[in-house]
Amino acid sequence: MQQVWQEEQERVERVTRDIGKRIDTLQQEVGELRTDIVDIRKHFWDDVTVNLDAPDEVIETYASLKQQAEVLTSREHSHRHAQKQLTKLKRLKTSPYFGRIDFREDGERRAEAVYLGIGSFLDESGEQFLIYDWRAPVSSLYYDYPPGPAQYETPGGVISGEMELKRQYIIRDAVIRSLFDTGVTIGDELLQEVLGKHSDAQMKSIVATIQKEQNRIIRNERSQLLIVQGAAGSGKTSAALQRVAYLLYRYRETLSAEQIVLFSPNPMFNSYVSTVLPELGEENMQQTTFQEYLEHRLGSTFRLEDPFEQAEYTLTAAGEPGYDARIEGILFKAGTSFMHMLERYAEWLGREGLRFKDVTFRGEPIVEGGRIADFFYSLDPALPIPNRMILTSEWLLKELKRLGRRERSKPWVEDEIELLDKEAYLQAYQQLRRKKQYAEDTFDDFQREQELLAAMVVQEHFKPLRVSAKRLEFVDVPAVYRQLFLEPERFAGLASEDGLPPRWADICKQTAEKLERGELASEDGAPYLYLKERIEGFQTNNTVRHVFIDEGQDYTPFQFAFIRRLFPRSKMTVLGDWNQAIYAHASANTDGFAPLTSLYGPEHTETNVLTRSYRSTREIVEFTRGLLADGTAIEPFNRGGSLPVVTEAADRADLSIKVAGRIRALLADGHKTIGVICKTAAESREAYDALQDAGFPLRLVGTETASFEPGVLVIPSYLAKGVEFDAVVIYNASMEQYGREAERKLFYTACTRAMHELYVYHIGRRSPFLDGASPDTYVMGHESDA
C-alpha cells in the first residue's frame with residue numbers, strides 16, 4: 001500500500017505542476033487581454049471614421065463603429081472565458097481530483113484510469129484527459145457502480161465494460177491526506193471526513209460524496225417533472241444545485257444560467273446556497289421566492305401578507321375571535337376546489353359583473369366606467385375575456401384621441417402654452433419646418449403655431465391615460481375579486497361538489513374587510529393573481545428552460561398551477577419533505593404532489609425518494625425520527641456523536657441562564673454556527689432580549705434578513721427550514737409551545753437542523769412529541785450540563 005500511495009502522490013505532483021504551468025500561461029494571457037481591452041476603450045474613437053455629411057459616409061461610419069465594437073466584445077469574451085478557466089485551475093491545483101476508476105471497455109485489452117475532479121484538465125498535447133469533469137458521461141460510473149460489470153450512457157449510445165478499481169482520495173494543498181479503495185458506494189470514510197466538519201454558514205458543493213440515488217436525480221434528462229421527496233438532511237437541495245451544474249455542463253452550447261430559476265423558501269436561503277455553483281465554476285441561476293414574485297406583480301396595488309406573517313398568526317392567535325374561520329379560509333383557498341370556483345366565476349364575469357373604473361382627467365370623468373362596460377359586453381361573448389379586453393383597450397384609445405382633440409381649445413391649454421419654455425417652441429418650430437408649412441426663415445404663422453403647441457400640451461397630459469388604457473387599468477380587478485366575497489349567498493352556487501367550508505360567511509367577511517383596507521392575505525395572493533390573469537391575459541416566460549422549487553411541500557396546488565402556466569416551456573424539479581410541511585394549508589393535503597403530477601401527466605413525471613439522512617449524526621436522526629407519527633422509514637448515516645439532551649428549566653430566568661451556559665460551552669468547543677431555534681418571531685425576540693447580556697455576539701434573524709452568516713443565530717422555526725447548524729438549541733419545547741398536533745412537524749423541522757449536537761430545553765411540562773422518542777435516544781440534562 002505504501003508503494004501505491006507513493007505512486008499516487010507522484011502523479012498528484014506531476015498533475016499539479018502541469019496545472020501550475022497552465023495557470024502561468026493563462027495569467028499572462030489574461031493580463032495581455034486586459035491591456036488590450038483598456039487600450040481599445042481608451043482609443044475607441046481614434047480608430048473610428050466619423051462622417052455624417054453624406055449617406056455613403058454614414059454607412060461607412062456605422063460599419064467602422066460596428067467593427068470596433070465587435071473587436072472589443074471579442075476581447076472581453078476571451079477575457080471572461082480565460083478568467084473563468086483560471087479560477088477553476090486554481091481550485092484544481094490544491095485538490096486536483098477526488099476519485100479514480102479503472103474501466104476496461106468491452107473488446108479492449110487494457111483498462112483506462114479515469115481521474116475525477118471538479119473540472120476537466122488535458123495534457124499539453126490537448127489529447128489526453130489527466131482529469132475528467134465529474135459531470136462527464138464516464139464519471140457516472142464512479143457514482144453508480146462498485147467494481148465489476150458497469151456501463152454508462154453517452155450521446156452515441158451505451159458503453160459497457162468492467163470496472164477494475166474504484167479509489168477515493170482526500171487531497172489538500174496537493175498532498176494526499178487519505179486514500180482508500182472502495183466497494184459499493186461512496187465510502188463512509190470520505191463522507192465521515194466531509195460531514196464531520198464544522199459548518200461555515202455556506203452550503204458546500206461536495207461532488208466527491210454524491211450517492212447513487214442522488215446521481216440519478218442530477219443526471220435526469222428525460223422527465224418534464226422531477227419530484228424529489230427526501231428526509232431532512234438527505235441532500236435534496238445539494239443534489240438539485242449539482243443538477244443545475246450538470247445541466248449547464250451537459251447543454252453548455254444551448255443553456256445558460258439565466259434560463260434557470262430557483263424558487264427558494266426565503267431570501268436568507270439564497271445567500272446560504274449562493275457559493276455552490278461558483279465553486280463548480282458555474283454562474284448562479286436566477287433566484288427568487290414566490291412571495292417576491294407576488295410583490296413584483298401586486299405590490300403596487302396591495303400590502304401583501306407574506307407566508308411567515310401568516311405562520312406567525314396561525315401559531316400564536318389560536319383562541320382569538322375569527323381564528324377558526326381564518327384557518328378554514330387558508331385551507332380552502334389553497335386547494336383546487338377554490339380554483340374551480342374562480343374558473344366558474346370568470347365564466348360568469350364573461351357574461352356580466354365585471355367592474356370598470358371611470359377614466360378621469362383633471363378631476364373629472366371623461367369616459368365613465370359604465371360606458372366601458374357597455375362596450376365590453378357588446379362584443380362577441382364567444383371571445384375569451386382577455387381578447388375582449390384588448391378590443392376594449394383599442395376602443396378606449398380611439399375615444400381618448402377624440403377627447404384629446406376636443407380638449408385643445410379649452411382655456412387651461414392656453415394657460416399651459418403661456419408657461420412653455422424655449423425648447424417646446426423650438427420643437428414646434430422644427431415640426432412645422434418638417435411639414436413645410438411656410439418659408440424656412442420665418443415663424444409668423446401664429447395660429448398654426450398655437451394649434452401645434454396645444455396638441456403637444458394635450459398629448460403630454462393624455463400620455464398617462466393612454467399608458468393606463470394599454471395596461472388595462474380601466475378594469476377594477478380588486479373590486480371584481482372583492483365582489484365574490486361581498487355577496488357570499490349569490491356566488492355559493494359556483495362552488496364545486498365538495499361544497500363550501502362551514503364558516504364561509506365569516507371567511508368572506510374577513511377577506512372583504514382586508515381587501516377594503518388594501519391588504520391581501522397570503523392565501524389570497526395566488527388566487528387573486530390567477531383571476532387577474534383570467535381577465536387580463538396570462539403573462540408567460542418562454543425563455544426559462546428549468547424551474548427548481550425547494551421546499552415544495554409549502555406550495556399550494558394553486559401556486560403550482562400558476563408557476564406551470566408562467567413557465568410553459570420549462571421542465572420542473574420539485575424538492576420536498578411532507579414531514580416538514582409546517583404551513584396551515586398543508587394539513588388539508590392528503591394527495592402529496594398528486595395535483596402537481598396532474599399538470600404534467602404521470603407519463604412525464606418521475607419521483608425519487610431519498611430516505612437516508614446525512615446532515616445529522618446517527619444519534620440525532622434516531623431521536624428526531626421518533627418525533628414523527630411514522631418516522632421509521634428515515635435511515636441514519638453511520639456517523640456517531642453525542643446523544644441529544646433534554647433539559648427542564650424552572651422558569652424563564654432559569655431557561656436563559658441554562659441556554660447561555662450551553663452556548664458558551666458550544667462556542668468553546670469550536671462550533672461555528674449555533675441556532676437558537678424558537679417557535680415564532682415573537683418568542684425569538686424574547687429569547688434574543690433574554691440572552692443579550694450573556695457575553696457572546698448574537699444575531700436575531702427575521703423575514704428581512706438577507707444573508708446567512710456564522711455565529712449564534714436566534715431564529716424562528718419556519719425561517720430555519722432548509723439550513724443547518726453545527727449545534728441547535730431548541731429554546732422552549734414546552735407543552736404550551738408545541739402541544740397541538742398541527743405543531744408536530746414544526747418541532748421535527750426545528751430539531752433536524754442540527755448537524756452535530758442538539759439540546760432541547762423546556763419550562764414546565766414538555767411537549768408530548770418528545771414522548772414518541774425512545775428514552776435510549778436522548779439523555780436528561782441537569783444543572784451541571786449548562
Side-chain angles (χ1 to χ4, degrees), residues 195 197-204 230-238 264-266 268-269 271-273 308 311 550-551 553-554 575-577 579-582 613-628 631 634 636-637 639 641-642 644-646 659 662-663 666 671-681 683-684 687 699-702 705 708-733 737-738 743-761 767 769-770 773 778:
L195 298 170
K197 289 181 175 174
H198 293 301
S199 163
D200 64 354
Q202 298 281 190
M203 178 179 272
K204 289 293 172 197
S234 58
K236 297 183 296 295
T237 304
S238 178
S264 56
N266 55 59
M268 185 182 72
F269 182 84
S271 91
Y272 177 62
V273 301
F308 310 118
D550 205 357
E551 304 292 351
Q553 74 281 352
D554 296 340
L575 322 159
D577 176 14
N579 288 322
Q580 296 182 67
I582 63 173
S613 178
Y614 297 97
R615 172 187 298 137
S616 310
T617 60
R618 169 179 282 279
E619 288 78 5
I620 292 172
V621 174
E622 286 176 345
F623 169 74
T624 53
R625 69 182 179 179
L627 306 176
L628 296 170
I634 301 165
F637 171 68
R639 178 167 67 87
S642 54
V645 181
V646 178
V659 168
R662 174 52 57 204
I663 293 168
L666 289 167
H671 292 302
K672 292 180 185 173
T673 56
I674 299 167
V676 180
I677 302 183
C678 302
K679 181 182 169 186
T680 62
E683 191 193 23
S684 298
R699 189 158 174 251
L700 179 64
V701 175
T705 304
F708 186 75
E709 293 168 12
V712 183
L713 274 63
V714 182
I715 186 168
S717 52
Y718 47 79
L719 284 181
K721 278 165 69 76
V723 297
E724 58 192 25
F725 300 91
D726 285 336
V728 162
V729 172
I730 303 295
Y731 192 69
N732 184 9
Q737 290 293 84
Y738 299 97
E743 291 155 346
R744 180 188 290 276
K745 290 178 177 178
L746 189 71
F747 185 54
Y748 167 78
T749 301
C751 292
T752 54
R753 303 304 94 205
M755 287 177 67
H756 305 297
E757 297 189 48
L758 173 63
Y759 296 88
V760 180
Y761 292 85
S767 166
F769 309 135
L770 287 165
Y778 63 95

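Values in this document were obtained by computation on a predicted structure and should not be read as measured data.
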(request) Dump the intermediate steps for side-chain contact (heavy atoms from CB on, under 4.5 Å) on Arg662 and Tyr761, then the final yes or no. (result) CA-CA 11 Å; Arg662 174 52 57 204; Tyr761 292 85; 3.2 Å; yes
(request) Looking only at non-hydrogen atoms, find the nearest pair between Ile663 and Val676 and report the distance. (result) CD1-CG2, 3.6 Å
(request) Working to the nearest 0.5 Å, report the span between OG of Ser264 and CG of Leu575. (result) 11.5 Å
(message) So, using ring-ring contact (aromatic ring centres under 6.0 Å, His included) as the criterion, who are the partners of Phe747 when residues are at least two apart?
(response) Tyr738
(request) Please work out which of the three classes, parallel, tilted or perpendicular, describes the rings of His756 and His671, given edges at 30° and 60°. (result) parallel
(request) Kindly give the heavy-atom pair with the smallest separation between Ile634 and Ser613, and that separation in Å. (result) CG2-CB, 4.4 Å
(message) What I'd like to find out is whether the side chain of Met268 reaches to under 4.5 Å of the side chain of Ile715, using heavy atoms alone.
(response) yes
(request) Output the distance between atom CZ (Arg699) and atom CD1 (Ile674), rounded to the nearest 0.5 Å. (result) 14.5 Å
(message) If the condition is salt bridge (charged side-chain N to carboxylate O under 4.0 Å, His left out), which residues does Glu757 pass it with, not counting sequence neighbours?
(response) none
(message) Let me confirm one number: the NZ-CG distance from Lys236 to Asp577, rounded to the nearest 0.5 Å.
(response) 5.0 Å
(request) May I ask you to decide if Phe725's main-chain N or O and Thr673's side chain share a donor-acceptor pair within less than 3.5 Å? (result) no
(request) Enter the distance from Leu719:CG to Thr705:OG1 here, rounded to the nearest 0.5 Å. (result) 7.5 Å
(message) With a 4.5 Å cut-off on side-chain heavy atoms, are Asp550 and Pro265 touching?
(response) yes
(message) Between Ser234 and Ala231 (side chain of the first, backbone of the second, donor and acceptor by atom type, cut-off under 3.5 Å), is there such a pair?
(response) yes
(message) Quick check for you: to the nearest 0.5 Å, what is the distance between Thr749 atom OG1 and Gln553 atom CD?
(response) 7.5 Å
(request) Go through the steps for Leu770 and Tyr778 under the test side-chain contact (heavy atoms from CB on, under 4.5 Å), then give the verdict. (result) CA-CA 10 Å; Leu770 287 165; Tyr778 63 95; 5.6 Å; no
(request) Check for a donor-acceptor pair, side chain of Arg615 on one end and backbone N or O of Arg753 on the other, with a separation under 3.5 Å. (result) no
(message) Do Val621 and Phe637 have side chains that approach each other closer than 4.5 Å (heavy atoms only, starting at C-beta)?
(response) no
(request) Would you check if the side chain of Glu619 reaches a backbone N or O of Ser642 as a donor-acceptor pair within less than 3.5 Å? (result) no
(request) Over all heavy atoms of both residues, which pair between Ser684 and Cys678 is shortest? Give the atoms and the distance, please. (result) OG-CB, 3.4 Å
(request) Evaluate the criterion side-chain contact (heavy atoms from CB on, under 4.5 Å) for residue pair Cys751 and Leu627; output intermediate values, then yes/no. (result) CA-CA 9 Å; Cys751 292; Leu627 306 176; 3.9 Å; yes
(request) Identify the heavy atoms of Ser616 and Ala754 that sit nearest to each other, and give their distance. (result) OG-O, 2.6 Å
(message) Please give me the minimum heavy-atom distance between Ala232 and Tyr748, naming the atom from each residue.
(response) CB-OH, 3.8 Å
(request) Would you name the heavy atoms of Thr680 and Tyr718 that are closest together and state the gap between them? (result) CA-CE2, 4.3 Å
(request) Side-chain contact test, heavy atoms from C-beta onward, threshold under 4.5 Å: evaluate it for Tyr731 versus Gln737 and give yes or no. (result) no
(request) Report yes or no: does Lys721 contribute a side-chain atom to a donor-acceptor pair with the main-chain N or O of Gln580 at less than 3.5 Å? (result) yes
(message) To the nearest 0.5 Å, what is the distance between OG1 on Thr617 and CZ on Arg639?
(response) 6.0 Å
(message) Measuring only between side-chain heavy atoms, which start at C-beta, is Tyr272 closer than 4.5 Å to Glu724?
(response) yes
(request) Measure the shortest side-chain to side-chain distance between Asn266 and Phe308 over non-hydrogen atoms and say whether it is less than 4.5 angstrom. (result) yes
(message) Contact between Ile730 and Leu758 at the side-chain level, heavy atoms closer than 4.5 Å - yes or no?
(response) yes
